[in-house]
Amino acid sequence: MLQEFYDNIEKLGISREAIQEEKDEECTLLTFFVENEQEIPYNIALIFYQDENAEIYIRSLLQNYDLLETLKKINTLNGEYCGVTFLLANDMLTVKSYCKENSDIEFLFLELKQDLEIAQEEFKRFRY
């Protein structure tokens with residue numbers, strides 16, 4: 001699935017040179033940035049596993065936030081959505097999903113697109 005991702009990266013409007021890649025024995029991590037309509041950069045991390053499954057992480061930096069209020073909002077979102085998980089790690093608000101579709105790159109792109117739409121809509125709740 002990793003090679004298929006690279007072969008079809010232009011569907012996302014991302015150049016191959018913009019992608020950072022790290023490999024180990026079990027997986028490959030790809031990271032790159034995209035901007036949304038508010039020009040807020042999102043860091044995208046894709047983890048491709050040897051078994052042809054993948055994880056998607058869409059992250060955005062939070063600044064000057066109230067931890068308790070942020071965690072309450074995250075908890076609410078996790079109750080509203082199925083198939084994605086919202087979390088906060090290292091001051092990064094994150095939407096995470098898991099793709100287990102046996103090498104179907106189209107499903108990965110669809111999931112990534114949907115996750116980006118969710119992030120664009122819901123991350124607005126966290127901007128002060």
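- Residues that satisfy the side-chain hydrogen bond (donor to acceptor under 3.5 Å, both in side chains) test with Asn78, not counting sequence neighbours, are absent from this structure.
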Contacts under 3.5 angstrom, residues 107-116 side chains, donor-acceptor by atom type, not counting sequence neighbours:
| unit_1 | atom_1 | unit_2 | atom_2 | d |
| --- | --- | --- | --- | --- |
| Glu111 | OE2 | Ser97 | OG | 3.4 |
| Asp115 | OD2 | Ser97 | OG | 2.4 |

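- By the side-chain hydrogen bond (donor to acceptor under 3.5 Å, both in side chains) test, Gln3 is found to be paired with Asp7, residues two or more places apart in sequence or in another chain being considered.
- Take Glu121 and apply the salt bridge (charged side-chain N to carboxylate O under 4.0 Å, His left out) test, not counting sequence neighbours, and it matches Lys124.
- Criterion: ILVMFWY side-chain heavy atoms under 4.5 Å apart, direct or through other members. Under it, Leu77 and Leu61 are not part of a common hydrophobic cluster.
- Under the rule for a side-chain hydrogen bond (donor to acceptor under 3.5 Å, both in side chains), Lys23 has no partner lying at least two apart in sequence or in another chain.
- Under the salt bridge (charged side-chain N to carboxylate O under 4.0 Å, His left out) criterion, Glu80 pairs with Arg125, not counting sequence neighbours.
- The side-chain contact (heavy atoms from CB on, under 4.5 Å) test applied to Asn90 returns no partner, not counting sequence neighbours.
- With sequence neighbours left out, Tyr81 forms a ring-ring contact (aromatic ring centres under 6.0 Å, His included) with Phe86.
- Taking the ring-ring contact (aromatic ring centres under 6.0 Å, His included) definition, one finds that Phe32 meets it with nothing, sequence neighbours left out.
- Taking Ile, Leu, Val, Met, Phe, Trp and Tyr as members and joining any whose side-chain heavy atoms lie under 4.5 Å apart, directly or through other members, the hydrophobic cluster of Tyr49 also contains Leu29, Ile47, Tyr57, Tyr98.
- Contacts of Asn43 classified as side-chain hydrogen bond (donor to acceptor under 3.5 Å, both in side chains), with partners at least two apart in sequence or in another chain: Arg59.
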